[in-house]
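Order of the sequence lines sets the chain letters (A, B, ...), proteins ahead of strands, with each chain counted from 1.
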Number of protein chains: 2
Amino acid sequence: MYICIKLISMNSFTEENYLKAIYKLLEKESVVTTNAIAEKMNTKAASVTDMLKKLADKKFINYQKYQGVSLTAKGEKIALNIIRKHRLWEMFLVEKLNFKWDEVHDVAEQLEHIDSDKLIAQIDHFLNFPKFDPHGDPIPDANGKFHIQKSQLLSELKKNSACIMTGVVDHSPAFLQYLDQAAIGLGDEIKIKDIVSFDKSLQISVNKKNSLFISNEVAKNILVIIK
Amino acid sequence: MYICIKLISMNSFTEENYLKAIYKLLEKESVVTTNAIAEKMNTKAASVTDMLKKLADKKFINYQKYQGVSLTAKGEKIALNIIRKHRLWEMFLVEKLNFKWDEVHDVAEQLEHIDSDKLIAQIDHFLNFPKFDPHGDPIPDANGKFHIQKSQLLSELKKNSACIMTGVVDHSPAFLQYLDQAAIGLGDEIKIKDIVSFDKSLQISVNKKNSLFISNEVAKNILVIIK
DNA sequence: ATAAAAATTTAGACTAGTCTAAAAAATAAT
DNA sequence: ATTATTTTTTAGACTAGTCTAAATTTTTAT
């Protein structure tokens with residue numbers, strides 16, 4: 001007769017952060033190097049090598065000396081779960097606790113490591129199962145799957161098209177603050193009233209009300225899905 | 001010309017947990033021993049001694065070999081802040097995320113270490129500045145002060161008195177589940193309709209509606225403030 | 001194809017926190 | 001008042017994660 005206690009090897013915060021960093025680097029480059037990880041983690045290459053060995057031992061990554069790394073299915077699942085938690089917490093902070101877009105990141109970095117399936121399921125429910133975080137990045141489901149309607153740049157749309165804002169390309173505080181001032185936010189309905197041929201700037205309406213001009217440069221940094 | 005960055009020595013989770021444990025032991029006993037701390041922290045006396053030296057170096061505790069410990073003002077402030085965060089998170093979990101009284105503790109143990117003044121201020125606000133957590137324990141304010149109207153046992157009140165439930169003495173799941181079944185909860189208005197002379201059991205009404213009998217034993221474990 | 005440069009890994013050391021086993025101090029018992 | 005017992009501390013070792021400096025491998029340039 002055995003008693004089964006919750007052992008389910010709790011991963012350390014550090015391991016989780018490495019896996020997340022590797023996942024994000026893999027989104028941009030097909031091969032992830034030790035130096036790239038070191039830079040992302042604000043640490044030294046030697047420390048990264050040590051950790052890579054440990055993660056490989058645990059079968060979270062595929063690693064051979066000098067050859068870079070990739071995630072195993074197991075490792076990717078953990079990374080996606082951290083990303084899911086991070087984005088749900090960001091959404092919670094903005095939607096329920098009056099945080100600004102540009103204030104949430106550091107706190108979410110801490111909250112993403114809280115270990116409770118029930119907690120994150122309830123937060124998801126409380127937020128009414130959002131598909132995007134406050135920066136427009138997609139939120140994976142509990143199984144690590146994305147349900148994405150592909151976004152495109154506002155600058156690519158034709159005159160008179162209507163769309164919903166889902167995110168931004170430039171995440172800098174400067175840009176996010178500009179959007180706040182212009183009262184353009186996630187989930188807003190944007191309609192292109194006119195495209196100025198001179199400089200490709202757009203005349204748009206937001207939520208069928210306030211009409212304004214935005215530069216092409218701005219439009220290139222706003223992600224939308226067509227309505 | 002100096003630049004001042006946020007250094008404000010971030011305390012480790014472990015240090016915070018030791019200070020919290022010491023605070024709680026000081027509530028019951030005037031002198032706190034190494035062994036008592038070891039038991040509370042699920043660790044060994046030798047480990048405690050090591051940590052006590054470190055905490056004393058940082059001026060969080062008063063410590064002399066073999067003589068037990070007490071908290072300095074600095075240490076108490078940190079402990080109270082952790083307790084404040086723990087209790088506010090518990091309240092949040094119960095009030096907003098449908099957690100049961102007896103499910104919140106482990107998650108709150110993690111959340112209490114999240115480091116963000118704005119976050120906890122907003123949670124406090126979101127909960128409408130509660131004075132007690134779901135177990136009826138008082139929540140200190142941001143300065144570590146309690147604003148307590150002294151609670152007393154329901155069993156001590158006279159016939160026809162009305163009161164508000166603020167807490168319990170027995171925190172066991174068995175008792176909390178009984179209260180759930182009986183639909184007696186924090187903040188409920190309890191009126192004593194009758195006291196049975198035979199066994200001192202009480203006939204009460206809860207929130208002016210459901211009337212029921214509770215044993216004297218139960219009444220001895222319910223904390224209330226007189227209305 | 002081979003030398004130079006860059007990237008990566010190893011070796012060895014450090015801190016935080018923990019442990020066991022042994023020594024020292026305090027308390028209790030005769 | 002002098003043992004015996006209990007409590008506490010020290011000594012030394014271990015793990016996770018980090019670092020610097022040196023060695024090794026890969027890549028780039030000639």
Side-chain angles (χ1 to χ4, degrees), chain A residues 7-22 25-26 28-70 75 78-79 82 109-110 112-113 115, chain B residues 7-22 25-26 28-70 75 78-79 82 109-110 112-113 115:
Chain A
L7 277 174
I8 307 165
S9 71
M10 168 58 167
N11 311 302
S12 72
F13 287 18
T14 311
E15 281 174 8
E16 291 181 346
N17 284 333
Y18 270 94
L19 292 173
K20 185 179 63 159
I22 294 167
L25 289 167
L26 279 169
K28 307 226 160 177
E29 312 281 343
S30 59
V31 56
V32 170
T33 67
T34 302
N35 267 357
I37 298 169
E39 191 181 359
K40 189 137 209 159
M41 296 288 299
N42 275 309
T43 185
K44 296 299 158 72
S47 311
V48 173
T49 301
D50 290 343
M51 181 56 83
L52 293 182
K53 284 183 200 159
K54 194 188 304 179
L55 294 174
D57 283 348
K58 294 194 177 183
K59 311 277 188 226
F60 294 154
I61 62 172
N62 306 115
Y63 169 61
Q64 279 166 224
K65 281 205 225 178
Y66 298 100
Q67 300 315 135
V69 298
S70 61
I78 295 169
I82 299 298
E109 288 281 297
Q110 296 180 59
E112 70 188 8
H113 300 291
D115 177 36
Chain B
L7 277 174
I8 308 166
S9 70
M10 167 59 166
N11 312 302
S12 71
F13 287 18
T14 312
E15 282 174 6
E16 291 182 346
N17 283 334
Y18 269 94
L19 292 172
K20 184 178 63 158
I22 294 167
L25 289 167
L26 280 168
K28 306 225 162 179
E29 313 282 342
S30 58
V31 55
V32 170
T33 67
T34 302
N35 266 357
I37 298 169
E39 192 180 0
K40 190 136 208 160
M41 296 289 299
N42 276 310
T43 185
K44 296 299 159 71
S47 311
V48 173
T49 301
D50 290 343
M51 181 56 83
L52 293 183
K53 284 183 200 160
K54 193 187 305 178
L55 294 174
D57 283 349
K58 294 194 178 182
K59 311 278 188 225
F60 294 154
I61 62 172
N62 305 115
Y63 169 59
Q64 280 166 224
K65 281 207 226 177
Y66 298 102
Q67 300 314 135
V69 297
S70 62
I78 295 169
I82 299 298
E109 288 281 298
Q110 297 179 61
E112 70 190 7
H113 300 291
D115 178 35

- Query: Looking only at side-chain N and O atoms, does Lys44(A) come under 4.0 Å of OP1 or OP2 in dT8(C)?
  - Reply: no

- Task: Compare all side-chain heavy atoms of Val69(B) with those of Leu25(B) and state whether any distance is below 4.5 angstrom.
- Result: no

- Position toward the 5' end of DNA chain D (nearest nucleotide), Lys65(A) or Thr43(A): Thr43(A)

- Message: What is the distance, to the nearest angstrom, from the CG atom on Leu55(A) to the C1' atom on dA16(D)?
- Response: 12 Å

- Item | Whole angstrom value for the distance that separates P of dT8(C) from CG of Asp50(A) | 15 Å

- Round to the nearest Å and state the distance from Asn42(B) atom CG to dT18(C) atom P. 11 Å

- Task: Have a look at Ser47(B) and say if it touches a base, only the backbone sugar-phosphate, or nothing, with a 4.0 Å heavy-atom cut-off.
- Result: base

- Between dT15(C) atom C1' and Met51(B) atom CE, what is the distance in whole Å? 12 Å

- Query: Asp57(B) CG to dT15(C) C1': how many Å, rounded?
  - Reply: 14 Å

- Taking atom P of dT18(C) as reference, at what distance in whole Å does atom CD of Glu15(B) sit? 10 Å

- Message: Please determine whether a side-chain nitrogen or oxygen atom of Thr14(A) lies at a distance below 4.0 Å from atom OP1 or OP2 of dA16(D).
- Response: no

- Message: Heavy atoms only, 4.0 Å cut-off, all strands: where does Thr49(B) land among base, sugar-phosphate and nothing?
- Response: base

- Whole-Å gap separating C1' (dT15(C)) and CG (Asn11(B)): 16 Å

- Task: When you get a sec, tell me which of dA26(C), dT18(C), dT26(D) is the closest nucleotide to the side chain of Tyr18(B)?
- Result: dT18(C)

- Message: If you compare every side-chain N and O of Asn35(A) against the phosphate oxygens of dA6(C) (OP1, OP2), does one of them come in below 4.0 Å?
- Response: no

- Query: Between CG of Leu19(A) and CD1 of Ile37(A), what distance do you get to the nearest 0.5 Å?
  - Reply: 9.5 Å

- Write down the distance between CG (Leu52(B)) and P (dA16(C)), rounded to a whole number of angstrom. 16 Å

- So which one's nearest nucleotide on DNA chain D is more toward 5', Met41(A) or Ala36(B)? Ala36(B)

- Task: Scan for side-chain hydrogen bond (donor to acceptor under 3.5 Å, both in side chains) pairs involving residues 60-69 of chain A, sequence neighbours excluded, and state none if there are none.
- Result: Asn62(A)-Ser70(A)

- Query: Going through the checks in order, is the side-chain contact (heavy atoms from CB on, under 4.5 Å) test met by Lys40(A) and Lys20(A)?
  - Reply: CA-CA 10 Å; Lys40(A) 189 137 209 159; Lys20(A) 185 179 63 159; over 6 Å; no

- Would you mind telling me which of dA26(C), dT10(D), dA11(C) lies closest to the side-chain atoms of Tyr66(B)? dA26(C)

- Mind running side-chain contact (heavy atoms from CB on, under 4.5 Å) on Glu39(A) and Asn35(A) for me, showing each step along the way? CA-CA 6 Å; Glu39(A) 191 181 359; Asn35(A) 267 357; over 6 Å; no

